[in-house]
Amino acid sequence: MPGLDRLRIVGGAVHDPANGVDGEARDVCIEDGRIVASLPPGAPAVDARGMVVMPGGVDIHAHFASSSCNHARRLLPEEHGADPARAPALLEGEGPARSGTGGTVPTTFTTGYRYAGLGYTTAFDAAVAPLTARHTHAELDDTPLVDAGCFVLVGNDEYLHRQIAAGEQERARHYVAWLLGATGAYAVKIVNPGGIEAWKAGQRNLTDIDQALSGTTVTPRAILETLTNAANDLKLPHPVHIHGNNLGQAGNSTTTLATMQALAGRRAHFTHLQFHCYGGEAGKGWASAAAKVMEYVNAHPEHSVDVGQVMFGPATTLTADGPVEYLLYATSGRKWVNIDIELETGCGIVPYTYKEKAAVATLQWAVGLELFLLANDPWRVVLSTDHPNGGSFLSYPALIRLLMDRSARDEQLKRANPKLLAGSALADGLAREYSLNEIAIVTRAGPARLLGLAHKGHLGVGADADVTVYARDPDIARMFATPRYVVKGGQLVVQEGQLRRAPPGRRLHVRPEFDQRVLKDVRRHFDAYATVAFDNYAVRNVPGEPVAIGP
Ligand SMILES: [Zn+2]
């Protein structure tokens, strides 16, 4: 039939773990943007014999399209000079081809080009303040090649705290449902529940999940329970996405385990777990608590995590967790940004370099790898560097090498600072090496499943035709850094290792139903306390239909 875009990817070793395919040589057939069972002879083809074929990569947690990212770009002109990104040599009419800058927080177009250049075709910005959601959608409009969405920050906003204090759990749920639709978001993100609001109000950070916000009965535990129940009761495709209290502090594994226990039996996702898995004690020293936390995660199938691996080299820490950034600024002496975002949340940014000769950075690096290597179920322990916090998404190929090649880990360990590694499982020797199928799970099939994206992360009939083809290379990092072919939505965007097309991606968002009566109350709150009129608040014209919710 004319008008249908067809492509046959011939004879590659297919790794499609969601469909039980582990390296078998077969064809992948594409028609009109979807995977199909077969194509007529003579359909256009690329030869993938001897190569490795996987679904397109899915990034469950990164920061690349937000007002915070834009502040980071402004803060880092030295990175722009060091990494100019020329416009790609696209085929005629397949643009726009835009120049930009790279570094740890690339500009919008460059972000899209570089994700696709790695074989990643879906990505989520993991922290968007409701008030700045419009900015995120404007940036996503200019980030080609990835189907993308965002998680909206909830958990430090005054309206929610008032509902919790009043025991209005149902109203809190309707509020969350409204907020997701009003901001065009995909999931609920909690950052340091209650702690940001406490710090903004001069109470200092909350360090225990049962510590109340000054003058209220609202605790991190109550915030976590309210939002976890709301997300699950609304049947959102992705459960609540949690960055817990005490990020980055020695001894914080106690808080992490208490948080997980508080939500035992309820579906929840714990993000950049590495930053929450330290033993020792504040002011007295650090140790790895990865084994203890992973023992818990292994035993709790209702919980999932992404790792937030630290990679040695430059990073930019960028989070709603203002108090953490204040501490990092104070100890590092680097320049920083802090912004309180009205009644909703905060934002802190500090550029940072993880040095292999630094003891804490080495511990963080080791803790991340321990989480990966001690995980029984790779479907629930997926890959992230919390880009750009633990390192750029461009370091994923180097991370994949560390997972697949024990000798690469041992080499790095020899160069690093072992001072805090006593009792570390990694230092004691972890022999595990990830297989290609396990890499396909932690980089695409697993995150797609955790995000509830039925058409992503696999190559079964009906799936979105997002496919990456890697030429085998003894250098694993080089293999994953330079795919030979990438197909996005049925279009061959990378050919012979070169980016040739840059179509726009789709927007991934939800619009849950809610009781409209909540709006009267929210409007009253806006009229009393907000700088923005309620009628001007919602993002208009979020492109595309919302992802279906249910059943
Ligand atoms: Zn993050």
Side-chain angles (χ1 to χ4, degrees), residues 1-21 23-49 51-59 90-91 94 112-113 115-124 143-149 440-441 443-449 451-471 483-508 543-545 547-548:
M1 275 197 288
L4 291 181
D5 266 331
R6 287 170 170 164
L7 183 68
R8 184 194 303 274
I9 300 170
V10 180
V14 175
H15 289 273
D16 181 13
N19 292 302
V21 181
E24 292 157 37
R26 52 168 73 179
D27 292 358
V28 173
C29 297
I30 293 165
E31 188 169 72
D32 223 16
R34 300 266 176 191
I35 305 292
V36 294
S38 62
L39 285 173
V46 294
D47 186 357
R49 284 173 299 177
M51 299 185 198
V52 170
V53 179
M54 293 186 182
V58 177
D59 201 339
L90 303 181
L91 298 169
E94 298 288 351
Y113 302 149
Y115 259 128
L118 277 189
Y120 268 72
T121 49
T122 304
F124 285 87
T143 306
L145 288 153
V146 283
D147 291 344
I441 293 170
T443 57
R444 36 270 277 165
R449 185 175 286 180
L451 287 158
L453 292 168
H455 299 288
K456 300 285 186 196
H458 72 99
L459 299 173
V461 169
D464 292 349
D466 300 341
V467 191
T468 304
V469 181
Y470 301 101
R484 182 68 60 88
Y485 302 106
V486 178
V487 178
K488 168 71 188 67
Q491 295 193 58
L492 195 54
V493 296
V494 170
Q495 301 177 20
E496 302 300 336
Q498 298 296 318
L499 187 68
R500 292 302 197 193
R501 293 187 170 87
R506 283 193 299 133
R507 196 67 38 86
L508 299 166
E545 283 305 305
V547 171

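Keep in mind that what you see is a predicted model, and the values were worked out from it rather than measured.
Here the shortest heavy-atom pairing between Gly117 and Pro483 reads O-CD, 3.0 Å. Taking all atoms of both residues into account, the shortest heavy-atom contact from Ala43 to Arg6 is CB-CB, 4.4 Å. Nearest heavy atom pair, residue Val461 against residue Ala37, reads CG2-N, 3.7 Å. Between Cys29 and Leu39, the shortest heavy-atom distance links the atoms CB-CG, 3.8 Å. Val53 and Ala48 make their closest contact through CG2-CB, 4.3 Å (heavy atoms, listed as atom of the first residue, atom of the second, distance). Here the closest non-hydrogen pair linking Ala13 and Gly23 is CB-O, 3.6 Å.
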| Arg444 vs Thr468, side chain to side chain contact (heavy atoms under 4.5 Å, CB included): CA-CA, chis, key distance, verdict | CA-CA 11 Å; Arg444 36 270 277 165; Thr468 304; 3.7 Å; yes
| said: What verdict does the side chain to side chain contact (heavy atoms under 4.5 Å, CB included) test give for Leu7 and Val487, after you've listed the backbone C-alpha separation in whole Å, the side-chain angles of each residue and the deciding distance to 0.1 Å? | reply: CA-CA 9 Å; Leu7 183 68; Val487 178; 3.9 Å; yes
| request: Just do the side chain to side chain contact (heavy atoms under 4.5 Å, CB included) check on Ile30 and Ile35 with the steps written out, would you? | output: CA-CA 5 Å; Ile30 293 165; Ile35 305 292; 4.1 Å; yes
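In this structure Arg501 satisfies the side-chain contact (heavy atoms from CB on, under 4.5 Å) test together with Leu91, Glu94, Gln491, Leu492, Val493, Gln495, Pro503, sequence neighbours excluded. For Tyr485, there are no ring pair (Phe, Tyr, Trp, His ring centres under 6.0 Å) partners two or more places apart in sequence or in a different chain. Partners of Arg500 according to the salt bridge (charged side-chain N to carboxylate O under 4.0 Å, His left out) rule, which considers only residues two or more places apart in sequence or in another chain, do not exist here.
Taking CG from Leu451 and CG from Leu508, the interatomic distance works out to 9.0 Å, rounded to the nearest 0.5 Å. To the nearest 0.5 Å, atoms NZ (Lys488) and CG (Leu499) are separated by 13.0 Å. Note: Tyr113 OH to Leu145 CG = 7.5 Å, rounded to the nearest 0.5 Å. The line from OG of Ser38 to CD of Glu31 is 8.5 Å long, rounded to the nearest 0.5 Å.
The shortest side-chain heavy-atom distance between Val14 and Leu459 falls under the 4.5 Å cut-off. The side-chain heavy atoms of Tyr120 and Val58, taken from C-beta on, include no pair separated by under 4.5 Å. Counting heavy atoms from C-beta on, the side chains of Val486 and Val467 never come closer than 4.5 Å. Residues His455 and Arg34 meet the side-chain proximity criterion, which asks for heavy atoms closer than 4.5 Å. In this structure the side chain of Tyr470 reaches within 4.5 angstrom of the side chain of Met54, judged on heavy atoms. Val469 places a side-chain heavy atom less than 4.5 Å from the side chain of Ile9. Looking only at side-chain heavy atoms (C-beta outward), Tyr115 and Asp59 come within less than 4.5 Å of each other. Under the 4.5 Å side-chain criterion, counting only non-hydrogen atoms from C-beta, His15 is in contact with Val52.
Without hydrogens or angle criteria, Asp147 side chain to Arg506 main chain gives a donor-acceptor distance under 3.5 Å. Here the side chain of Asp16 pairs no donor or acceptor atom with the backbone of His458 at under 3.5 angstrom. Under a 3.5 Å cut-off, the side chain of Asp464 and the backbone N or O of Asp466 do not form any donor-acceptor pair.
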